[in-house]
Visitor: 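What follows is a structure written as structure tokens; I'll ask about it next.
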2 protein chains.
Amino acid sequence: MRLRIDAASTVPLYQQIHDQIILGLAAGELRPDETLPAVRQLADELNVNMLTVAKGYNLLKTEGYLISDRRQGTRVAADFQADKLFMQSLQEQLHLLTAAAKIRGLSVAELQQIITTQYQGFEQGE
Amino acid sequence: MRLRIDAASTVPLYQQIHDQIILGLAAGELRPDETLPAVRQLADELNVNMLTVAKGYNLLKTEGYLISDRRQGTRVAADFQADKLFMQSLQEQLHLLTAAAKIRGLSVAELQQIITTQYQGFEQGE
DNA sequence: ATAGTTGTATTATATCATATATAACAAACA
DNA sequence: TGTTTGTTATATATGATATAATACAACTAT
């Protein structure tokens, strides 16, 4: 899987790495138990510091997406759950997005359409 | 409208102010042409600096939600549009959320259900 | 055993975002 | 003439972000 980093973005580099891997997981480009590049290797490819990659990996680990072993490196977890913490975070973020969309005149149907299209877009790669 | 600020949150104070006002607009607690508290007054109420409130207001102005006059203070704009910039930002943010939800096993229907419930929650206050 | 790789930890440094404090300004109003 | 409005300016402090350079323990391959 290939990561694209925008150094000019206001989004922190470690956050971009985090987000891209989430997208890769959803698209099926990364599969359970698959091994990820070593922090030094990915740092070289992206021209960022080793610790920046490690920070992105660590964030994904605290969220349960990745597992680290000192022997085997970092790999994708076997399965993920929609735990309470995730559901609460999802609700909060959707709350703000739904509010902004409603203010600007988008209907529920239009919002649902966007989500459906994006969701199906992920299923294409499986 | 009453704003609630969490000084211990990792979300910047000006961002919290911004977000709460968006939610207030969606819930009908703030209406078009309505005047908002002066930056100094709101800063006093929230125990934050005047410039922090101004930063939140300015962000909302660049997004088209508010209008500032040196005579009349800051008020809600007359109407909002779903312009290209907003739609693009909405798509990007929903993209990541949809990806995370899919990974964790949520179906399209479950996502749509959350949005519908939240959307209707805003309509209650109108 | 030796060398290399893994994630991790440490220390130091630089830069930017965030937030505050204080003051001043132009424009409008009572 | 004061007062209020948003705005601008300067200075300061703190935390997040990012880099650099080392070092370490644990494991793998030769």
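Naming: A, B, ... by sequence-line order, numbering from 1 per chain. If you're wondering where the values come from, they're calculated on a predicted model, not measured in any experiment.
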Visitor: Which one, C:dT20, C:dA27, C:dT18, comes nearest to the side chain of B:Val48?
Guide: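 It is C:dT20.
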Visitor: Return the value, rounded to whole Å, for the distance between atom CE of A:Met50 and atom C1' of C:dT5.
Guide: 13 Å
Visitor: Is the B:Phe122 ring parallel, tilted or perpendicular to the A:His95 ring (thresholds 30°, 60°)?
Guide: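 Answer is parallel, since the angle falls under 30°.
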Visitor: Starting at atom CD of B:Gln16, determine the distance to atom P of C:dA17, rounded to an integer number of angstrom.
Guide: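 Distance check: B:Gln16 CD to C:dA17 P gives 19 Å.
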Visitor: For C:dT8, does OP1 or OP2 lie under 4.0 Å from any side-chain N or O of A:Lys61?
Guide: yes
Visitor: What is the separation between atom CG on A:Leu66 and atom P on C:dT6, rounded to the nearest whole Å?
Guide: 16 Å
Visitor: Identify whether any heavy atom of B:Thr74 sits under 4.0 Å from a base atom; if not, whether one sits that close to sugar-phosphate; answer base, sugar-phosphate or nothing.
Guide: sugar-phosphate
Visitor: Please determine if a side-chain N or O atom of B:Tyr14 lies less than 4.0 Å away from the OP1 or OP2 oxygen of C:dA19.
Guide: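 For C:dA19, OP1/OP2 do not have a side-chain N/O of B:Tyr14 under 4.0 Å.
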Visitor: Check whether any side-chain N or O of B:Gln15 sits under 3.5 Å from a backbone N or O of B:Pro12 as a donor-acceptor pair, and report yes or no.
Guide: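 The answer is no, because no donor-acceptor pair under 3.5 Å joins these two groups.
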Visitor: Taking atom P of D:dT17 as reference, at what distance in whole Å does atom CG of A:Asn58 sit?
Guide: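 It works out to 13 Å between those atoms.
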Visitor: Is there a side-chain contact between A:Lys55 and the phosphate of D:dT17, meaning an N or O under 4.0 Å from OP1 or OP2?
Guide: yes
Visitor: For a quick check, tell me whether the side chain of A:Arg40 and the base of C:dT8 share a donor-acceptor pair closer than 3.5 Å.
Guide: yes
Visitor: For B:Lys55 and B:Asn58, which I'm curious about, is there any donor-acceptor pair between the side chains at under 3.5 Å?
Guide: no
Visitor: Would one find a side-chain N or O of A:Thr52 under 4.0 angstrom from OP1 or OP2 of D:dT19?
Guide: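 Checking A:Thr52 against D:dT19: at least one side-chain N or O falls below 4.0 Å of OP1 or OP2.
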Visitor: Just how far, in rounded Å, is P of D:dT19 from CG of A:Leu42?
Guide: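 These atoms are roughly 12 Å apart.
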Visitor: If each of B:Arg70 and B:Gln15 is mapped to the nucleotide of DNA chain C with the nearest heavy atom, which maps nearer the 5' terminus, i.e. the 5' end?
Guide: B:Gln15
Visitor: What does B:Leu51 touch in the nucleic acid at a heavy-atom separation under 4.0 angstrom: a base, only the sugar-phosphate, or nothing?
Guide: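 Base: the residue B:Leu51, judged by heavy atoms under 4.0 Å, touches a nucleobase.
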Visitor: Which whole-number value in Å describes the distance from B:Ile17 CD1 to C:dT18 C1'?
Guide: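 After rounding, the gap between these two atoms is 12 Å.
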Visitor: Within this structure, what is the CG-to-P distance between A:Leu13 and C:dT15, rounded to whole angstrom?
Guide: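 Between P of C:dT15 and CG of A:Leu13: 16 Å.
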Visitor: Looking for any heavy atom pair under 4.0 Å, which part of the strands does B:Tyr57 touch: base, sugar-phosphate only, or nothing?
Guide: nothing
Visitor: If we ignore angles and hydrogens, is there a donor and acceptor under 3.5 Å between the side chains of B:Thr117 and B:Gln113?
Guide: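 Short answer, yes.
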Visitor: Tell me the interatomic distance from B:Asn49, atom CG, to D:dA13, atom P, rounded to whole angstroms.
Guide: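 To the nearest whole Å, that distance equals 16 Å.
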Visitor: With heavy-atom distances below 4.5 Å as the criterion, would you say the side chains of B:Leu90 and A:Leu111 are in contact?
Guide: yes
